[in-house]
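Indexing begins at 1, ligand by ligand and atom by atom, following the structure's order.
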Amino acid sequence: MSATTPPAGSSIFSRIIRGEVPSHRVYEDDRVVAFLDVGPLSRGHMLVVPREEQARLEDLSEESAAALGRVLPRLARALMKATGCTAYNILINNGKDAGQVVLHVHAHIIPKSSDGRGLTKEWRSSKLDPAEGAALANELRGALAGSAAPSTSA
Ligand code: 5GP
């Protein structure tokens with residue numbers, strides 16, 4: 001651990017998970033906890049957080065990542081039923097440049113409300129050049145072949 005690395009289990013979300021900081025809890029199982037975001041973009045905006053404290057998604061164990069993904073459809077259905085929303089975004093920010101503030105992996109589920117509240121995004125698409133696409137996909141397949149999954153961690 002470097003001098004700037006916070007101690008394990010010290011994130012605000014770990015403190016919420018342990019019940020040291022209050023939250024409006026919506027769901028929990030042995031790997032994941034969901035609670036309402038304290039600064040919602042729209043009514044029902046919730047955070048789904050693995051108990052395993054990793055700052056970034058790529059460092060999360062496959063087990064925690066699977067648990068996170070597994071519960072999303074169920075939470076989304078509950079959100080739609082409870083708020084009446086018919087559209088929503090799911091967002092995981094990774095890294096400060098991507099807008100991440102809390103350095104403990106979390107998925108936002110953000111309803112799009114009828115008055116337009118929710119996630120607003122700038123989607124500046126370009127056009128994928130076929131040759132560049134082929135080369136890049138090849139590079140990615142190579143990177144995947146050499147990558148091991150992070151080890152299991154509860
Ligand atoms: P990020 O930008 O890291 O993806 O988003 C962090 C989110 O955590 C923000 O939407 C912020 O409102 C939420 N948040 C930060 N601190 C707390 C807290 O103490 N309690 C709850 N419930 N949400 C928090």
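Proximity of S23 to ligand 1 is not established, as no heavy-atom distance is less than 4.0 Å.
Side-chain contact between V33 and F13: absent, with no pair of heavy atoms (C-beta onward) separated by less than 4.5 Å. By the 4.5 Å heavy-atom criterion applied to side chains, S42 and I110 are counted as neighbours.
Among protein heavy atoms, atom 9 (C) of ligand 1 sits closest to D37 OD2, 3.4 Å. When hydrogens are left out, the protein atom nearest atom 15 (C) of ligand 1 is V102 CG2, 4.0 Å; that is the closest non-hydrogen contact. In terms of protein heavy atoms, atom 22 (N) of ligand 1 is closest to L36 O, 2.9 Å. Looking only at protein heavy atoms, the nearest one to atom 2 (O) of ligand 1 is G99 O, 2.8 Å. Among protein heavy atoms, the minimum distance from atom 3 (O) of ligand 1 is reached at V101 N, 2.7 Å. In terms of protein heavy-atom proximity, atom 8 (O) of ligand 1 is nearest to F13 CZ, 3.5 Å.
Residue-level proximity to ligand 1 for H106 is carried by the side chain, the only part with a heavy atom below 4.0 angstrom. Heavy atoms of I12 found under 4.0 angstrom from ligand 1 belong exclusively to the side chain. Under 4.0 angstrom from ligand 1, the non-hydrogen atoms of I16 all belong to its side chain. The backbone and the side chain of V38 each have at least one atom closer than 4.0 Å to an atom of ligand 1 (non-hydrogen atoms only). With a 4.0 Å cut-off on non-hydrogen atoms, V21 does not touch ligand 1 at all.
Close approach of ligand 1 to G39 (heavy-atom distance below 4.0 Å) involves ligand atoms 12 (O). Short contacts between ligand 1 and H108, defined as distances under 4.0 Å to a heavy atom of the residue, involve ligand atoms 1 (P), 4 (O), 5 (O), 7 (C), 10 (O). For ligand 1, the atoms sitting less than 4.0 Å from at least one non-hydrogen atom of F35 are 22 (N), numbered in the order shown with element in parentheses.
Considering backbone and side-chain atoms alike, L47 places every N or O at 3.5 Å or more from each N or O of ligand 1. Ligand 1 has no nitrogen or oxygen under 3.5 angstrom from a nitrogen or oxygen of H45. Here's the thing with N93: one of its N/O atoms is less than 3.5 angstrom from an N/O atom of ligand 1.
For an aromatic pair to be called close, the ring centres must be under 6.0 Å apart, and H104 with H106 fails this.
M46 approaches A34 most closely through the heavy-atom pair SD-CB, 4.4 Å. In this structure, S64 and E52 approach most closely via the heavy-atom pair OG-OE1, 2.7 Å. The heavy-atom pair separating N93 from A98 by the smallest distance is OD1-O, 3.2 Å. Nearest heavy atoms, L68 versus A107: CD1-CB, 4.3 Å. Residues Y88 and P111 share a closest heavy-atom pair of CB-CA, 3.8 Å. Summarising the geometry of K121 relative to N89, their closest heavy-atom pair is NZ-ND2, 4.4 Å, with the distance given to 0.1 Å.
For CG of D115, the number of neighbouring non-hydrogen atoms (other residues, nucleotides, ligands) closer than 6.0 Å is greater than 12.
None of D37, L91, L47, L79 except one satisfies the side-chain contact (heavy atoms from CB on, under 4.5 Å) rule with I109; the exception is L79.
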